[in-house]
J.: 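Mind having a look at this structure? Questions to follow.
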Amino acid sequence: GHLAAMTMLRHGVGREAFRIFWRDCHEFVRDIWHGRLVRRATNLVSHRFSLGPVVALAKVEPGFRTALYDCVSGRETYRRILQRPGNLRIALRLGGALLREKLSRRSHGSEAGTPTPRP
């Protein structure tokens, strides 16, 4: 919306203005697929696992904390966030923590999000 308004103020409304607007939006359009990937990963984690391991990793991993902030704040494109060095290591670490917690809950008779019955 902001880019559209600025384009209209600076260049008016017309074919040339639309070309300028499209050029300026190209990075956002290119980022749609990366945003969808992040949304699907977020939905998977929030629906199938507990967010405890996510919070725990964010407390000790500055790169992960920054990535989470950047995803929410919009200060960086999803593509750039996902391409940062070290993200594969962080993703593997998070995946391991999520699986360990899931297996631990199963072995104790509880699924993520379901309280363990007390004796």
Side-chain angles (χ1 to χ4, degrees):
H2 175 74
L3 282 174
M6 294 308 295
T7 302
M8 286 186 278
L9 286 172
R10 292 181 182 145
H11 306 284
V13 178
R15 285 184 185 201
E16 186 57 31
F18 183 75
R19 282 189 196 106
I20 292 168
F21 173 71
W22 184 253
R23 182 199 67 212
D24 291 347
C25 288
H26 181 70
E27 187 170 7
F28 296 114
V29 172
R30 204 171 76 175
D31 201 43
I32 289 171
W33 295 107
H34 297 89
R36 287 180 179 168
L37 175 66
V38 169
R39 185 184 72 215
R40 287 195 174 123
T42 301
N43 287 340
L44 173 70
V45 170
S46 66
H47 289 101
R48 303 273 187 217
F49 299 94
S50 157
L51 293 179
V54 175
V55 172
L57 184 59
K59 286 180 180 179
V60 298
E61 183 65 59
F64 185 54
R65 195 167 45 247
T66 300
L68 290 174
Y69 178 81
D70 288 346
C71 285
V72 173
S73 71
R75 78 176 176 182
E76 192 63 85
T77 64
Y78 291 112
R79 182 178 58 82
R80 287 186 182 149
I81 294 166
L82 292 172
Q83 290 178 345
R84 287 183 185 148
N87 278 352
L88 180 58
R89 180 185 55 80
I90 293 170
L92 291 172
R93 192 169 166 191
L94 177 60
L98 290 167
L99 288 175
R100 278 190 301 279
E101 187 200 49
K102 186 78 154 184
L103 293 172
S104 172
R105 286 183 177 273
R106 280 194 179 160
S107 70
H108 290 96
S110 167
E111 283 294 319
T114 305
T116 304
R118 295 181 186 239

J.: Output all residues satisfying side chain to side chain contact (heavy atoms under 4.5 Å, CB included) with Ala91, sequence neighbours left out; order by chain, then residue number.
T.: none

J.: Apply side-chain contact (heavy atoms from CB on, under 4.5 Å) to the pair Glu27 and Arg80, showing each step before the final yes or no.
T.: CA-CA 11 Å; Glu27 187 170 7; Arg80 287 186 182 149; 3.0 Å; yes

J.: For Phe64 and Val54, which heavy atoms make the closest approach, and how far apart are they?
T.: CE2-O, 3.5 Å

J.: Under the 3.5 angstrom rule, does the side chain of Thr66 hit a backbone N or O of Gly63 as a donor-acceptor pair?
T.: no

J.: Table please: side-chain donor-acceptor pairs of residues 3-26 below 3.5 Å, with sequence neighbours left out.
T.:
residue, atom, partner, partner atom, Å
Thr7, OG1, Leu3, O, 2.7
Glu16, OE1, Arg19, NH1, 3.3

J.: Whether the side chain of Arg65 engages the backbone of Lys59 through a donor-acceptor N/O pair (distance < 3.5 Å, no angle test) should be reported.
T.: yes

J.: Just to verify, what does Val38 make a side chain to side chain contact (heavy atoms under 4.5 Å, CB included) with, not counting sequence neighbours?
T.: Thr42, Cys71, Tyr78, Leu82

J.: Tell me whether Asp31 contacts the main-chain N or O of Thr77 through its side chain, where contact means a donor paired with an acceptor under 3.5 Å.
T.: no

J.: Check the surroundings of atom CZ in Arg75: do more than 12 heavy atoms from other residues, nucleotides or ligands lie under 6.0 Å from it?
T.: yes

J.: Taking all heavy atoms of Ser50 and all of Leu98, pick out the closest pair and write down the distance.
T.: O-CD2, 3.7 Å

J.: Suppose clustering is done on Ile, Leu, Val, Met, Phe, Trp and Tyr with side-chain heavy atoms closer than 4.5 Å. Which residues sit in the same group as Tyr69?
T.: none

J.: Under the salt bridge (charged side-chain N to carboxylate O under 4.0 Å, His left out) definition, can you give me all pairs with a residue in residues 84-96, not counting sequence neighbours?
T.: Glu61-Arg89, Glu61-Arg93, Asp70-Arg84

J.: Are Leu99 and Leu92 co-members of a hydrophobic cluster defined by side-chain heavy atoms under 4.5 Å apart?
T.: no

J.: For Asn87 versus Gln83, what's the shortest heavy-atom pair and its separation?
T.: ND2-N, 4.4 Å

J.: Keeping the roles fixed (side chain from Lys102, backbone from Arg48), state whether a donor-acceptor pair exists under 3.5 Å.
T.: yes

J.: Indicate, with yes or no, if Leu68 and Leu57 share a hydrophobic cluster defined by side-chain heavy-atom contacts under 4.5 Å among Ile, Leu, Val, Met, Phe, Trp and Tyr.
T.: yes

J.: For Ser46 versus Leu51, what's the shortest heavy-atom pair and its separation?
T.: CA-CD2, 4.2 Å

